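First the structure, in the form of structure tokens, and then the observations on it.
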2 protein chains.
Amino acid sequence: MTRAARTRSTRDIARAAVRAELAQVAFDLFRREGFENVTIDDLAQAAGVSRSTFLRYFGTKEDAVLSAFDAHGDQVADALRARPSEEDDWTALRRALDTVMAQYRQDSAGLLSMMRLVRDTRALCARQLEQQHGWRPLLAEALAERGGLSVPATLAVSVKAAAALDCLNIALDHWTASDGEHDLEDLLDEAFAALNPR
Amino acid sequence: MTRAARTRSTRDIARAAVRAELAQVAFDLFRREGFENVTIDDLAQAAGVSRSTFLRYFGTKEDAVLSAFDAHGDQVADALRARPSEEDDWTALRRALDTVMAQYRQDSAGLLSMMRLVRDTRALCARQLEQQHGWRPLLAEALAERGGLSVPATLAVSVKAAAALDCLNIALDHWTASDGEHDLEDLLDEAFAALNPR
DNA sequence: GCTAGTCTGACACTCAGTTTCATCTTTGAC
DNA sequence: GTCAAAGATGAAACTGAGTGTCAGACTAGC
């Protein structure tokens, strides 16, 4: 559990609830009308808050959608630290991704519609790339710590972290393209197998 | 040589020249004043054209900077197709990147200031991610063709293409962070070595 | 109840990016 | 050379994102 999660006041909980509600309203509206056909004013009105308030919770329209994945970077990094130290990096990365895979499996229909929305919207695609780009240093650092030596993330761990995230992404892409027909875990395994660093 | 390059009218050449000039003016201004402190009006005025014209050449401020890399995706994909078919994918990818590495080496000072500008500007970082994301399918397709079979890019070739692009990126990141002290080729080799798919 | 910190809505503002239209230049055909 | 078509430019209006400010309402702790 992170520091932010430990020190959680009543206000923080209320804020998180409002945030989740706004995100849900936004997602539904985007799905129904299309991302670029919905203005922030529309979102605010649909959610029953002012434009100002909406923009206080989410800096951009994109963030309202992608906030669903906000915690994933830290979650995977934590899972990575929890892997046995004798495990090789690539296997540890694959297993650490089980954390998010479990969440995906829990609501695969929701994930599918989310991924469709993201893939069909250039701005969301771009923002998602940026979001995942931010996870790379988290994974790289966790990987470096696991190695015991050299806490400042080296080039090698960054590359492995980036590649693992690509695998996740590409597996999700193929899964979405198949309308969820293929098994996501299998696709991820296949992606990891394509790149088998020693 | 691509089709677009073959059928090149006088107008196209003039357009390309204007485009290059605008990009240069924009780059200089961004470097001097900072990306977000320069408006499109400023750029247009500095270049002696109207706002409309500037926006016709570059859809966004970001594109004015990153147009410098526009051709790289196709170039690497072409280089990939030119590699001997007996070469393994990973080696072919590494060698195909020599195409862009040669261009970087030719003006490493320019590249360094460009990379610094990009890294220091969130919007440019994001747009660059998007740009490179667009290269992935190009490389994946070239890789698939090389393999002879299954022209529709499979998951495996996508993963390798993505990983190779990450290597390029991360090598550039470290090179930039070292102010160009390290040797870029060495960093790229190191990145490729960290991920050695069979 | 009072006070301090926080949340909210209203409003004004800047700027990015789109679209439309009128004008001017270039090109190619004759 | 002339002329018509196509392309390039500039001007202007417009939508909407995102920022900043401010005043009022709410809440918690004392």
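Bear in mind that the values here come from a model prediction, so they are computed numbers and not experimental data. Per chain, numbering begins at 1; letters A, B, ... match sequence-line order.
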Tell me the interatomic distance from [X], atom [atom1], to [N], atom [atom2], rounded to whole angstroms.
X     : N     : atom1 : atom2 : result
A:L22 : C:dC7 : CG    : P     : 14 Å
B:I13 : D:dA8 : CD1   : C1'   : 17 Å
B:D12 : D:dA8 : CG    : C1'   : 13 Å

With sequence neighbours left out, write down each residue that passes side chain to side chain donor-acceptor pair (under 3.5 Å) with [X], or none if nothing qualifies.
X      : value
A:D173 : A:R119, B:R136
B:H72  : B:Q103
B:E190 : none

key: Contacts of type ring pair (Phe, Tyr, Trp, His ring centres under 6.0 Å), residue A:W135, not counting sequence neighbours   = none

ask   = Does any N or O in the side chain of B:T53 come within less than 3.5 Å of the main-chain N or O of B:V49, such that one atom is a donor and the other an acceptor?
value =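 Checked: no pair found.
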
Using residues 14-23 of chain B as the side-chain source, report each donor-acceptor pair under 3.5 Å to any protein atom, sequence neighbours left out, with the distance given to one decimal.
unit_1: B:R19; atom_1: NH1; unit_2: B:Y57; atom_2: O; d: 2.8
unit_1: B:R19; atom_1: NH2; unit_2: B:D70; atom_2: OD2; d: 3.0

Heavy-atom side-chain contact between [X] and [Y] under 4.5 Å:
X      : Y      : answer
B:D63  : B:Q131 : no
A:S108 : A:L184 : no
A:W175 : A:E181 : no

Salt bridge (charged side-chain N to carboxylate O under 4.0 Å, His left out) involving A:R56 - partner list, sequence neighbours excluded = none

What protein N or O atoms touch nucleotides 23-25 of chain D N or O atoms at under 3.5 angstrom, if any, and at what distances?
none

query = Is the distance from OP1 or OP2 of D:dG10 to the nearest side-chain N or O of B:T53 less than 4.0 Å?
reply =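 True: B:T53 side-chain N/O within range (under 4.0 Å) of D:dG10 OP1/OP2.
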
query = Can you give one letter per nucleotide of nucleotides 14-19 of chain C, 5' to 3': B if a protein heavy atom sits under 4.0 Å from the base, S if only from the sugar-phosphate, - if neither?
reply = -SSBB-

Report each atom pair, protein N/O against N/O of nucleotides 24-26 of chain C, whose distance is under 3.5 angstrom.
unit_1: C:dT26; atom_1: O2; unit_2: B:R11; atom_2: NH2; d: 3.3

request  = Give the C-alpha distance, both sets of side-chain angles, the deciding distance and a yes or no for salt bridge (charged side-chain N to carboxylate O under 4.0 Å, His left out) between B:E86 and B:R146.
outcome  = CA-CA 9 Å; B:E86 67 270 18; B:R146 257 173 51 88; over 6 Å; no

query = Near DNA chain D, which residues from residues 117-131 of chain A have a heavy atom under 4.0 Å away?
reply = none

I'd like to know if [X] and [Y] make a salt bridge, using a cut-off of under 4.0 Å between side-chain N and carboxylate O.
X      : Y      : result
B:R105 : B:D183 : yes
B:E145 : B:R81  : yes
A:D28  : A:R31  : no

inquiry  = For a quick check of understanding: with a heavy-atom distance under 4.0 Å over all strands, which category does B:Y57 fall into, base, sugar-phosphate or nothing?
reply    = sugar-phosphate

ask   = Hey, what bend do you get for the helix from C:dG1-D:dC30 to C:dC30-D:dG1 if you fit axes on five pairs at each end, rounded to 10°?
value =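 It works out to 20° between the end axes.
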
request  = Sort and list the pairs that fulfil salt bridge (Lys or Arg N to Asp or Glu O under 4.0 Å) and have at least one residue in residues 33-42 of chain A, not counting sequence neighbours.
outcome  = none

